Protein chains: 2
Amino acid sequence: MDATRWLDEREDRAWRGYRRMRRLLDLELARELTQDAGLSEADYDVLSDLSETPQGRLRLRELADRMLWSRSRLSHHLTRMQQRGLVTREECADDARGSIVVLTPAGRQAIQSAAPGHVAAVRRHLIDLLTPAEVDALGALTHRVVDHLGGRTPHPRHDPEA
Amino acid sequence: MDATRWLDEREDRAWRGYRRMRRLLDLELARELTQDAGLSEADYDVLSDLSETPQGRLRLRELADRMLWSRSRLSHHLTRMQQRGLVTREECADDARGSIVVLTPAGRQAIQSAAPGHVAAVRRHLIDLLTPAEVDALGALTHRVVDHLGGRTPHPRHDPEA
DNA sequence: AAGATTTCGTTGACATGTCATCGAACTTAC
DNA sequence: GTAAGTTCGATGACATGTCAACGAAATCTT
């Protein structure tokens with residue numbers, strides 16, 4: 001009904017800048033990661049989330065939720081990573097349907113050697129370019145947007161209305 | 001050599017928030033766009049860039065550069081969009097190798113009816129959640145990162161070292 | 001405890017993106 | 001002019017992501 005509220009100049013600048021940064025940063029980080037560590041960003045994220053758990057083990061469902069991936073996507077990707085020896089699957093004791101994704105020694109090795117370079121790249125191309133105030137603003141703003149989109153960070157689990 | 005400078009708590013919060021926002025915002029905007037207008041984000045971006053030119057025409061190369069897409073990707077995508085009647089290709093007069101991407105009436109219709117809803121979604125899920133200061137900060141910060149990554153906005157063209 | 005419903009993970013078909021390669025046409029240097 | 005090198009866009013093979021469906025197992029309902 002109402003006339004569309006188009007983006008004004010500042011809003012447009014922020015929106016275009018965001019999308020452009022998004023694309024360029026992605027390309028660059030992926031490029032360095034592949035070159036330096038032979039991993040894709042997807043690989044890195046899987047290994048990273050796994051390695052943040054004490055045992056390097058997670059239910060497939062749990063890992064998919066944390067990554068905001070579909071189970072299907074994760075299952076396909078794990079099959080490929082498994083063939084490269086980075087992870088394995090184990091049966092779940094509590095739930096016979098389930099499978100547990102396990103970091104192999106090679107997988108742990110891979111993430112450990114990739115991490116320093118990747119963090120350095122994130123600093124070089126993003127974090128170190130920002131003032132402390134901008135870092136805080138980015139943290140605040142992104143989390144607000146995530147909350148608005150219903151992003152319960154780790155486990156949605158039950159209690160959808162609390 | 002040096003010990004890795006890991007991200008401190010604030011930096012980590014910003015980085016994780018950014019990536020999470022990125023993913024959730026993408027999913028939501030794509031979902032609404034598909035539902036309301038039958039377009040993917042890729043479709044929308046192609047149509048949007050084309051419609052911003054006076055004639056709704058662009059050299060394939062030029063369009064690929066603006067979008068930060070490879071010519072290959074764009075060529076594949078245009079083939080699909082062409083089959084749906086959203087764009088056509090014409091021969092280029094100046095350069096017999098070239099092809100010119102042209103918005104069809106159906107394509108113009110599609111972007112015109114999709115745009116208000118899409119802008120509203122961008123506002124609802126991002127822009128309107130930010131304070132004016134945050135909008136400006138996001139604009140400033142993203143453009144700084146883009147510049148750092150060598151993102152000459154429209155045409156890289158010659159003069160790589162100036 | 002049986003039946004209905006939901007969840008888990010896998011699978012196959014298909015959509016999309018990347019990469020290497022190609023022929024044609026443009027540009028440059030002689 | 002022409003040979004060498006570059007750019008343009010298309011293409012096919014392949015990697016990756018999405019979607020719908022499935023069987024098996026868990027959970028809920030009565």
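Throughout, protein chains are lettered first and strands after them, A, B, ... in sequence-line order, and every chain is numbered starting at 1. If you're wondering where the values come from, they're calculated on a predicted model, not measured in any experiment. Note: hydrogens, waters and symmetry copies are ignored here, and every other heavy atom, side chains too, is used.
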Worked verdict on A:Arg13 versus A:Glu9 for salt bridge (Lys or Arg N to Asp or Glu O under 4.0 Å):
CA-CA 6 Å; A:Arg13 176 174 157 83; A:Glu9 196 173 333; over 6 Å; no
Output the rounded distance in Å from CG (B:Asp26) to P (D:dT18).
10 Å
Under 4.0 Å protein heavy-atom contacts per nucleotide of nucleotides 15-24 of chain C, with B for base, S for backbone only and - for none
-SSBB----B
Euclidean distance, atom CG of residue A:Leu74 to atom C1' of C:dT11 [Å, nearest integer]:
15 Å
Between B:Asp95 and B:Arg97, is there a side-chain N and carboxylate O pair less than 4.0 Å apart?
yes
Any side-chain heavy-atom pair from A:Asp128 and B:Arg5 closer than 4.5 angstrom?
yes
Between A:Asp94 (CG) and D:dA25 (C1'), how many Å, whole number?
13 Å
Would you say A:Glu32 and A:His118 are linked by a side-chain donor-acceptor pair, where the criterion is simply a distance under 3.5 Å?
no
B:Glu90 CD - D:dG9 C1' separation (whole Å)
16 Å
Hey, what else clusters with B:Val101 if you join Ile, Leu, Val, Met, Phe, Trp, Tyr whenever side-chain heavy atoms sit under 4.5 Å?
B:Leu33, B:Leu39, B:Tyr44, B:Val46, B:Leu47, B:Leu50, B:Leu58, B:Leu60, B:Leu63, B:Met67, B:Trp69, B:Leu74, B:Leu78, B:Met81, B:Leu86, B:Val87, B:Leu103, B:Ile111
Salt bridge present between A:Glu52 and B:Arg16 (N-O < 4.0 angstrom):
yes
Let me know the distance between CZ of A:Arg71 and C1' of C:dT7, rounded to the nearest Å.
7 Å
Within less than 4.0 Å of OP1 or OP2 of C:dG9, is there a side-chain N or O belonging to A:Ser75?
no
Could you identify which residues of residues 49-60 of chain B place a heavy atom less than 4.0 Å from some atom of DNA chain D, listed by residue number, or say none?
B:Arg59, B:Leu60
Could B:Asp65 and B:Arg61 be called an ion pair, given the rule that one side-chain N must be under 4.0 Å from one carboxylate O?
yes
Specify the separation, in whole Å, of atom CZ of B:Arg31 and atom C1' of D:dT18.
16 Å
Parallel, tilted or perpendicular for A:Tyr18 and B:Tyr18, by the 30°/60° rule?
perpendicular
Gap between atoms CG and P, on A:Asp95 and C:dT6 respectively (whole Å)
17 Å
To the nearest Å, give me how far apart CD1 (B:Ile100) and C1' (D:dA10) are.
17 Å
Can you check whether B:Val146's main-chain N or O pairs, donor with acceptor, with A:Arg20's side chain at less than 3.5 Å?
no
